[in-house]
Amino acid sequence: MSLQLQNTLSGKKEFFKPVNPSHVRIYACGPTVYNFAHIGNARMAVVNDLLVRVLKTQYKKVTYVSNITDIDDKIIDASKETGEDISVITSKYTEIYNNDMSALGVNLPDIQPRATDHIKEMIELIKKLIEEEKAYEKEGHVLFHVPAFENYGILSKRNRDEQIAGSRVEVAPFKKDPADFILWKPSPSPLPGWVSPWGFGRPGWHLECSVMSEKSLGLPFDIHSGGIDLVFPHHENEIAQTCSISENKHPEDFATFWFHNGFVNVEGEKMSKSIGNIRLVHELNKKYKGEVLRLTLLSAHYKQPLNWTEDIIEQNNKMIDRLYRVLLELSEVEIDSKIPSESIMESILDDLNTPKVIAKLNEEANDVSSASDERKREIKNNLLSAGKILGILENDPSSWLGYNQKNTENTEEIERLINKRNEARRSKNFNLADGIRNILKDKGIEIEDTDKGTIWRKSK
RNA sequence: GGCUCGGUGGCAGAGUGGUGAUGUAGGGGCCUGCAAAGCCUUGCACAGCGGUUCGAUUCCGCUCCGAGCCUCCA
């Protein structure tokens, strides 16, 4: 049993073979911090977090790097709009991003490099590219010359001629070739910038990831990942930058696996500012528990598009509640193993087939009612150990389900009403009993009469 | 126009050359004073048309429909 992943570079599912099995290295292109993260950003973070968790079940040492882009025209625009300093904006939204992702059970990357800390290295890379005649300076800009890199388009499987034919890009007059892209551009005052051999300016977007991934992981590393939309142009341009110097001619000399997650659509449409259907993680976190959102993000295979609706969040909420109910039922059961069954592990390792894993967890849950003690141990172990890899089922079942929460302000009143209702039931005054139940219901308290007495929980 | 990926039951979503995915919703039943929770049970689902095959939702071809990318994008 070993890990297989869809490799964008080959277009196929392949067995994962690390460059160095004693140290697996992965780089994910992270967010540009100028606004709250949306659920699409979260999908990338959750999927890569999952991938790292899975890698850690297979390899002793895994280093996960994911950057913060803290210099970009969008940040400059945000600064103009709000009047806040750029550094204020970027540190604010970096913190919010990390907190929002943490609520979804996303662990911090081992290294979270920032673009502005790597300007020197970017300038060095540009110098090399110019020396090797892969880039040229014109009117204060430095551009990468795409025809100078023969493997351009190999990742996105794009043919240059077709690309130009269908192109809707405005071709700047200083470009030698329409496909050439910016490595460095001038920053006229008051725009932020750095001193460089080509004047005061700032880097192009793609440069930072070439520089930071190499610096933090060394080349070649194992997995370079991001959202599917990054395949072109971002990753293609990174490859062009990194692979046109020295001996790194092929994307595999950069990273052996190129891993991309699909988009999140909202109510059937692409999220976009103009439609106004952006779903911010920050807002969703106020309404739903992090594990529910995480499970919903994992409810479709990572490379499929995911249609984000209220309905599927609710469906997944109910599903996870039920799994917690099973765990509650098994709370007395002792487990010894910490590894999921082979069948479950197989689905996880099969290109992170989370929907199948979730189906198998449900099958486990279905067995509980007729399970032997031995089987119960197995079920609990599978739920908890697979849950740990998926990043779900990590809460206390009783408090997740809202049972008998002692810290609720009106606990005394609730219990007084329950006692009163039970008295009414004993004297067969069912009208009164049902009346009291409705009063509790209005207070958001659901009651359940069990053979051990009446228990209550918060209904929401 | 070019490239890529899809169309599975009310909804979500895996998968497979020949048995049931799974969840959620709905139906029926058990339990309960009634509920809740739980349990049992229930669904002529694989876009259409051809082809290959003993057999196709699964393989091949065509048609129709949808999505993404084509230099802002997770």
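To find a chain, count down the sequence lines: A is the first, B the second, and so on, and within it residues start at 1.
Taking a pair to require two hydrogen-bonding distances under 3.5 Å in either a Watson-Crick or a G-U wobble arrangement, B:G38 pairs with B:C30. Nucleotide B:C3 forms a Watson-Crick or G-U wobble pair with B:G68, both donor-acceptor distances falling under 3.5 Å. If you check B:C44 for Watson-Crick or wobble pairing at under 3.5 angstrom, you find it has no partner at all. Across all strands shown, B:C54 pairs with B:G18; the Watson-Crick or G-U wobble distances both stay below 3.5 Å.
Using cut-offs of 30° and 60° on the angle between ring planes, the pair A:His260 and A:Trp258 is parallel. A perpendicular orientation is assigned to the rings of A:His224 and A:His235, their planes being inclined by more than 60° (bins at 30° and 60°). Below 30°, between 30° and 60°, or above 60°: for A:His282 and A:Phe36 the angle between ring planes is between 30° and 60°, a tilted geometry.
Counting heavy atoms from C-beta outward, A:Asp449 and A:Arg425 have side chains that approach closer than 4.5 Å.
Within the nucleic acid shown, A:Val231 has no heavy atom closer than 4.0 Å to any nucleic acid atom. Looking at heavy-atom distances under 4.0 Å, A:Arg421 makes contact with a base. Nucleic acid contact for A:Asp449: base, since at least one base atom lies under 4.0 Å from a heavy atom of the residue. A:Asn362 comes within 4.0 angstrom of sugar-phosphate atoms only, judged by non-hydrogen atoms across all strands, and of no base. Using a 4.0 Å heavy-atom distance criterion, A:Glu236 is classed as making no nucleic acid contact. Residue A:Ile447 is in base contact, counting any heavy-atom pair closer than 4.0 Å across all strands shown. Among the heavy atoms of the strands lying under 4.0 Å from A:Arg425 is at least one base atom, whether or not backbone atoms are also near.
Atom CG in A:Leu9 sits about 20 Å away from atom P in B:C3, given to the nearest Å. Here B:C39 presents its C1' atom at 14 Å from CG of A:Asp451, a figure rounded to the nearest Å. In this structure, CH2 of A:Trp308 is placed 15 Å from P of B:A12, rounded to the nearest angstrom. Taking atom CG of residue A:Asn317 and atom C1' of nucleotide B:A12, one finds them 14 Å apart after rounding to whole Å. With rounding to whole Å, A:Asn316 atom CG is found 8 Å from B:A12 atom C1'.
Between A:Asp367 and A:Lys376, no side-chain nitrogen of the basic residue sits less than 4.0 Å from a carboxylate oxygen of the acidic one, so the salt-bridge criterion is not met. Here A:Arg114 does not pair with A:Glu208 in a salt bridge; the nearest charged N to carboxylate O distance is not below 4.0 Å. A salt bridge between A:Asp77 and A:Lys74 is absent, with no side-chain N of the basic residue lying under 4.0 Å from a carboxylate O of the acidic one. A salt bridge does not link A:Lys420 with A:Glu423: every distance from a Lys NZ or Arg NE/NH1/NH2 to an Asp or Glu carboxylate oxygen is 4.0 Å or more. A salt bridge links A:Arg375 with A:Glu364: the closest approach of a Lys/Arg side-chain nitrogen to an acidic carboxylate oxygen falls below 4.0 angstrom. Salt-bridge annotation for A:Lys80 and A:Asp73: absent, with no side-chain N of the basic residue lying under 4.0 Å from a carboxylate O of the acidic one.
Scanning for salt bridge (Lys or Arg N to Asp or Glu O under 4.0 Å) contacts around A:Arg322 gives an empty result, with sequence neighbours left out.
Distance noted for atom P between B:G13 and B:A67: 16 Å (whole Å). Comparing the P positions of B:G9 and B:G15 gives a spacing of 16 Å, expressed to the nearest Å. Spacing of C1' atoms, B:G55 relative to B:G27, comes out at 34 Å, to the nearest Å. Straight-line distance between the C1' atoms of B:U8 and B:G48: roughly 15 Å, to the nearest whole Å. Taking the C1' atom of each, B:C11 and B:C73 are spaced 29 Å apart, rounded to whole Å. Nucleotides B:C60 and B:G2, compared at atom C1', are 24 Å apart to the nearest Å. For the P atoms, the distance from B:C40 to B:C49 is 39 Å, rounded to whole Å. Nucleotides B:C70 and B:G61 are separated by 28 Å at their P atoms, to the nearest Å.
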Got a list of side-chain donor-acceptor pairs under 3.5 Å for residues 43-55 of chain A, not counting sequence neighbours?
residue: A:Arg43; atom: NH1; partner: A:Gly262; partner atom: O; Å: 3.1
residue: A:Arg43; atom: NH1; partner: A:Phe263; partner atom: O; Å: 3.0
residue: A:Arg43; atom: NH1; partner: A:Gln304; partner atom: O; Å: 2.8
residue: A:Arg43; atom: NH2; partner: A:His301; partner atom: O; Å: 3.0
residue: A:Arg43; atom: NH2; partner: A:Tyr302; partner atom: O; Å: 3.4
residue: A:Arg43; atom: NH2; partner: A:Gln304; partner atom: O; Å: 2.8
residue: A:Asn48; atom: OD1; partner: A:Ser225; partner atom: OG; Å: 2.5
residue: A:Asn48; atom: ND2; partner: A:Met44; partner atom: O; Å: 2.8
residue: A:Asp49; atom: OD1; partner: A:Asn107; partner atom: N; Å: 3.0
residue: A:Asp49; atom: OD2; partner: A:Arg53; partner atom: NE; Å: 2.8
residue: A:Asp49; atom: OD2; partner: A:Arg53; partner atom: NH2; Å: 3.4
residue: A:Asp49; atom: OD2; partner: A:Arg294; partner atom: NH1; Å: 3.1
residue: A:Asp49; atom: OD2; partner: A:Arg294; partner atom: NH2; Å: 2.8
residue: A:Arg53; atom: NH1; partner: A:Lys388; partner atom: O; Å: 2.8
residue: A:Arg53; atom: NH2; partner: A:Gly105; partner atom: O; Å: 2.7

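With the nearest nucleotide of RNA chain B identified for both A:Asp180 and A:Asn431, A:Asn431 has the one nearer the 5' end. Nearest-nucleotide positions on RNA chain B place A:Arg437 closer to the 5' end than the other of A:Arg437 and A:Arg325.
For A:Ala359, the side-chain atoms get nearest to B:U22 when compared with the rest of B:C73, B:G33, B:U22. Across B:G23, B:C34, B:C11, the shortest atom-to-atom separation from the side chain of A:Asn366 is found for B:G23.
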Q: Dump the intermediate steps for ring pair (Phe, Tyr, Trp, His ring centres under 6.0 Å) on A:Phe16 and A:Phe257, then the final yes or no.
A: CA-CA 8 Å; A:Phe16 175 72; A:Phe257 273 76; 5.4 Å; yes
**Q.** side chain to side chain contact (heavy atoms under 4.5 Å, CB included) evaluation trace for A:Lys134 with A:Gln241
**A.** CA-CA 9 Å; A:Lys134 306 294 181 184; A:Gln241 290 159 171; over 6 Å; no
Restricting both atoms to N or O, compile the protein contacts to nucleotides 24-30 of chain B shorter than 3.5 Å, with distance only.
residue: B:A25; atom: OP1; partner: A:Lys318; partner atom: NZ; Å: 3.3

Please list, for nucleotides 66-69 of chain B, all pairs of protein and nucleotide N/O atoms separated by less than 3.5 Å.
residue: B:C69; atom: OP1; partner: A:Lys270; partner atom: NZ; Å: 2.2
residue: B:C69; atom: O2'; partner: A:Arg158; partner atom: NH2; Å: 3.0

Find every protein N or O atom lying less than 3.5 Å from an N or O atom of nucleotides 15-18 of chain B, and list the pairs.
residue: B:G15; atom: OP1; partner: A:Asn353; partner atom: ND2; Å: 3.3

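More than 12 heavy-atom neighbours from other residues, nucleotides or ligands sit within 6.0 angstrom of NZ on A:Lys13.
For A:Tyr64 and A:Tyr27, the gap between ring centers reaches or exceeds 6.0 Å.
Interface residues of residues 40-53 of chain A facing RNA chain B, ordered by number: A:Gly40, A:Asn41; criterion, heavy-atom separation under 4.0 Å.
Contact annotation: A:Ser369 side-chain N/O to B:C40 OP1/OP2 distance is under 4.0 Å. Close to B:G13, at under 4.0 Å from its OP1 or OP2, lies no side-chain N or O of A:Asn307.
Taking both residues in full, the closest heavy atoms of A:Asn285 and A:Ala103 are given as ND2-CB, 3.6 Å, listed atom of the first, atom of the second, then distance.
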